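First the proteins, then the strands, lettered A, B, ... as listed; each starts at 1. Model, not experiment: these values are computed from the prediction. When reading the values below, keep in mind they use all heavy atoms of this one structure, side chains included, and skip hydrogens, waters and symmetry mates.
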2 protein chains.
Amino acid sequence: MIEAQPSVERPATIYDVARVAGVSHATVTRLLKGYAGIRPDTRDRVAKAIRELGYRPNLNARSLTTGRSHRIATLTHEITQVGPNKILEGANMAARDAGYLLDVITLDVHDPAAIRESIDLASQFDLAGVLALSSTDEVTNAVETTTFRVPLYLATGTDKTPPDSTPAGNGLFAVLRHLADLGHRDVVHIAGPHDWVGARNRIREYEAAVAELGLRSRGVIHGDWSARSGYEAIASWPEELPATAFVAANDQTALGVILALNERGYRVPDDVSVTGVDDIPEAAYFSPPLTTLRLDFTAQGGDAVQQLLARIDGVAPPPLPPRRSELIVRRSTGPVRPRV
Amino acid sequence: MIEAQPSVERPATIYDVARVAGVSHATVTRLLKGYAGIRPDTRDRVAKAIRELGYRPNLNARSLTTGRSHRIATLTHEITQVGPNKILEGANMAARDAGYLLDVITLDVHDPAAIRESIDLASQFDLAGVLALSSTDEVTNAVETTTFRVPLYLATGTDKTPPDSTPAGNGLFAVLRHLADLGHRDVVHIAGPHDWVGARNRIREYEAAVAELGLRSRGVIHGDWSARSGYEAIASWPEELPATAFVAANDQTALGVILALNERGYRVPDDVSVTGVDDIPEAAYFSPPLTTLRLDFTAQGGDAVQQLLARIDGVAPPPLPPRRSELIVRRSTGPVRPRV
DNA sequence: CACCGCGATGTTACCGGCAACATCATGCTC
DNA sequence: GAGCATGATGTTGCCGGTAACATCGCGGTG
């Protein structure tokens with residue numbers, strides 16, 4: 001279970017390399033920086049020395065002089081949630097590809113003091129930039145009121161789409177059209193927390209789609225993304241359920257909705273339909289398997305890193321690709337039929 | 001969605017502080033290091049200057065001289081899995097409490113070359129230590145064959161418990177005793193991948209418990225922790241199911257098992273019982289809610305950091321606390337009854 | 001053949017801390 | 001009251017890089 005590791009000899013520096021190669025350390029630096037004007041034989045000697053000594057630049061020392069590091073502090077939170085988690089994973093990959101390392105700082109959303117403290121800690125390090133992956137207003141707020149000395153990219157919302165780039169038929173619209181196609185007219189939305197940008201966006205999408213498709217919204221209930229909140233939304237509904245379709249803001253919530261519906265004697269999808277958002281791996285194995293909207297969080301994380309890197313390099317940021325989503329139809333939705 | 005941030009003035013250094021306070025920079029350092037022999041009035045002046053300038057030590061420069069940094073590279077993988085994810089979260093918190101930052105490096109378990117590359121990248125940075133949270137043999141292997149120049153702590157297995165510290169009644173034993181109490185005799189284990197230490201441990205626990213409780217194991221099927229693998233294990237069972245209880249290696253697998261059982265016409269828990277491990281938040285909202293074994297991954301992550309920190313500081317590592325687990329009984333298990 | 005220009009390489013200073021050593025002003029001893 | 005130990009603070013060099021500037025040697029030119 002435990003492996004100790006004897007500390008071996010100190011790592012080689014450019015001075016070691018220079019000595020072995022019989023040149024000055026500046027020549028070593030030049031080679032490392034890709035300077036062209038080095039004579040081939042000199043170049044070879046230095047390259048050989050680097051190889052022999054297993055030289056690795058000390059990135060710490062480098063960033064001390066250049067004032068630029070290759071670390072990106074990533075502020076995130078709720079990484080047990082699928083969205084933030086996958087976004088982070090995507091960001092991690094994109095950063096690594098660019099030779100950057102992510103310092104992941106997980107914030108406690110509900111503790112503003114802790115958020116400050118974490119941001120403070122991060123700013124002591126020599127950072128190339130700060131990537132704030134904020135999904136909630138509190139965090140967004142904390143970030144916006146902080147002055148960083150380095151480039152910052154604040155990505156808010158787990159699925160915020162600029163209105164103009166949301167083709168009808170994308171996002172929740174696809175879900176509601178699917179339900180409308182099945183004959184549903186009365187729908188309920190079990191939303192996420194109101195302080196999550198993503199939750200508000202989904203509500204907007206939901207309401208826009210309802211209006212456009214001529215459906216009737218029988219309620220928007222705020223949950224907290226959890227299965228529990230989905231369960232309670234349905235279980236505590238005071239009277240008979242007014243809708244035949246329940247649009248949950250994410251898959252976990254949908255899971256809770258299904259359980260509560262079962263307990264109230266409704267069969268899914270025979271009596272009512274339920275949909276989720278995210279397409280978590282488990283969604284295909286719910287009972288019944290869940291109709292849901294697949295989002296590409298990983299790409300979002302990668303995009304965010306690209307934006308930040310552009311900012312760090314002082315170049316024009318690449319255009320944000322449109323968010324793609326895909327309706328996955330499974331067995332939790334079915335044609336509406338007269339209530340018994 | 002996007003917030004630019006103008007680069008403001010450069011951060012203050014000890015020299016700035018010294019100038020403002022009218023002392024030498026060494027005095028500033030002394031204050032920072034908690035040196036006692038500074039005259040109160042001098043101390044006050046320096047402290048005041050630090051406050052006014054908003055001075056923050058440049059940790060990069062510090063570690064360049066001390067040769068010690070406050071970064072820990074954390075090698076992990078599959079962070080979408082609940083176990084690794086929560087372990088990481090716990091490690092993160094423990095590290096932050098100790099003033100360390102984690103560089104999280106997510107490895108692709110199935111790509112040895114990428115593992116090497118990632119480890120290589122990490123070793124360019126000035127690290128205080130390496131925390132390898134490895135759950136699979138491939139990663140363990142890659143780590144073990146790498147020479148780090150810094151302290152390493154390799155934590156293998158998501159729930160490996162030294163045999164002597166596993167009181168009977170803990171771990172899967174509790175699950176199987178629960179099933180035995182309900183009258184079950186024939187059980188099947190849907191295990192994790194064979195190259196995960198944690199999966200092998202659970203198999204051992206399962207087999208030991210079966211033997212001790214006088215049950216009969218009707219099979220151990222290797223899955224891959226996913227709901228899909230649980231589903232397929234049951235769906236593809238060639239003949240009539242030989243058992244009345246199915247012990248899944250984790251909750252996701254159990255979810256798939258339940259769906260497959262439903263589809264084969266078995267009702268849970270009326271006809272057969274199903275159990276999981278982990279107690280993911282959703283488990284309480286499966287249909288039916290899942291009887292499972294709750295593990296404290298967060299604590300495991302924290303413990304791992306403690307072990308590494310002890311190593312970094314060159315002191316004796318604190319004893320590893322025993323792993324706690326707790327049986328959570330819900331509605332996926334019930335008394336055995338004669339098959340119809 | 002002395003001079004100039006330029007390419008190749010060496011020298012030096014600096015980034016922001018830390019620590020060893022130097023210095024200076026006390027107060028105490030004898 | 002001189003000598004000295006001691007406490008408080010200043011000076012210097014170094015960590016491992018980078019970059020500006022200096023130098024050196026060579027070939028071409030008038």
Side-chain angles (χ1 to χ4, degrees), chain A residues 7 9-47 49-50 53-71 99 123-128 149-150, chain B residues 7 9-47 49-50 53-71 99 123-128 149-150:
Chain A
S7 198
E9 80 283 1
R10 304 190 26 174
T13 72
I14 50 170
Y15 297 95
D16 298 324
V17 173
R19 190 166 24 75
V20 170
V23 297
S24 79
H25 70 275
T27 303
V28 180
T29 294
R30 291 195 182 96
L31 182 78
L32 295 173
K33 310 294 291 184
Y35 176 67
I38 306 180
R39 272 212 304 256
D41 58 326
T42 311
R43 175 180 295 273
D44 289 346
R45 285 211 314 284
V46 176
I50 287 179
L53 295 172
Y55 168 79
R56 301 250 131 210
N58 179 328
L59 267 29
N60 236 331
R62 175 176 293 171
S63 61
L64 179 59
T65 46
T66 58
R68 276 192 55 179
S69 73
H70 281 84
R71 304 193 115 95
S123 64
Q124 287 187 47
F125 290 87
D126 216 3
L127 298 169
R149 311 182 314 257
V150 293
Chain B
S7 199
E9 80 283 1
R10 307 191 23 175
T13 71
I14 48 170
Y15 297 95
D16 299 324
V17 174
R19 188 165 26 74
V20 170
V23 297
S24 79
H25 69 274
T27 303
V28 180
T29 294
R30 291 194 182 96
L31 182 79
L32 294 173
K33 310 295 292 182
Y35 176 68
I38 306 179
R39 273 212 304 255
D41 59 325
T42 312
R43 174 181 296 274
D44 290 346
R45 286 211 315 283
V46 176
I50 287 180
L53 295 173
Y55 168 78
R56 301 248 133 212
N58 178 327
L59 266 30
N60 238 330
R62 175 175 291 172
S63 61
L64 180 58
T65 45
T66 58
R68 274 192 54 176
S69 75
H70 281 82
R71 304 194 115 95
S123 63
Q124 286 188 49
F125 290 87
D126 218 1
L127 298 169
R149 310 184 313 255
V150 293

Beyond-backbone contact of A:V23 with A:T42, side-chain heavy atoms, under 4.5 angstrom: yes

Base, sugar-phosphate, or nothing for B:I38, non-hydrogen atoms under 4.0 angstrom? sugar-phosphate

Interatomic distance, CZ@A:R43 vs CZ@A:R30, rounded to 0.5 Å, equals 12.0 Å

Could you tell me whether the side chain of B:T13 reaches within less than 4.5 Å of the side chain of B:N58, counting heavy atoms only?
no

Here the distance between atom C1' of D:dG16 and atom CG of A:L31, to the nearest Å, is 17 Å

Here the distance between atom P of C:dC18 and atom CG of B:L64, to the nearest Å, is 11 Å

In whole angstroms, the gap separating C1' of C:dG10 from CZ of A:R45 amounts to 13 Å

A:D16 CG to D:dG16 P, in whole Å, measures 8 Å

Is there a side-chain contact between A:I50 and A:L31 in this structure, where contact means two heavy atoms from C-beta onward sitting under 4.5 Å apart? yes

Taken to the nearest whole Å, CZ/A:R43 to P/C:dT9 is 10 Å

For C:dA8, does either OP1 or OP2 sit under 4.0 Å from a side-chain N or O belonging to A:R39?
no

Rounded to whole Å, CD1 of B:I14 lies from C1' of D:dT9 at a distance of 14 Å

Got a list of protein N/O to nucleotides 11-13 of chain C N/O distances below 3.5 Å?
unit_1, atom_1, unit_2, atom_2, d
C:dT12, O4, A:H25, NE2, 2.9

So OG of B:S24 and CD1 of B:I14: to nearest 0.5 Å the spacing works out to 9.0 Å

Looking only at C:dT9, D:dG17, D:dT18, the nucleotide nearest the A:T66 side chain is D:dT18

From CG of B:N58 across to P of C:dC14 the rounded distance in Å is 18 Å

ask   = Within the structure, does a side-chain N or O atom of A:Y35 lie under 4.0 Å from either OP1 or OP2 of D:dT18?
value = no

Verify the contact: side-chain N or O of B:T65 to OP1 or OP2 of C:dA19, cut-off strictly under 4.0 Å; return yes or no.
-> no

Exactly one of B:D16, B:V20, B:L32 clears side chain to side chain contact (heavy atoms under 4.5 Å, CB included) with B:Y55, and that residue is B:L32

Note to self: Taking any heavy-atom pair under 4.0 Å as a contact, classify B:T42: base, sugar-phosphate, or nothing.
What the structure shows: sugar-phosphate

The ring-ring contact (aromatic ring centres under 6.0 Å, His included) partners of B:Y35 (sequence neighbours excluded) come to none

Whole-Å distance, B:R62 CZ to D:dG16 P, equals 18 Å

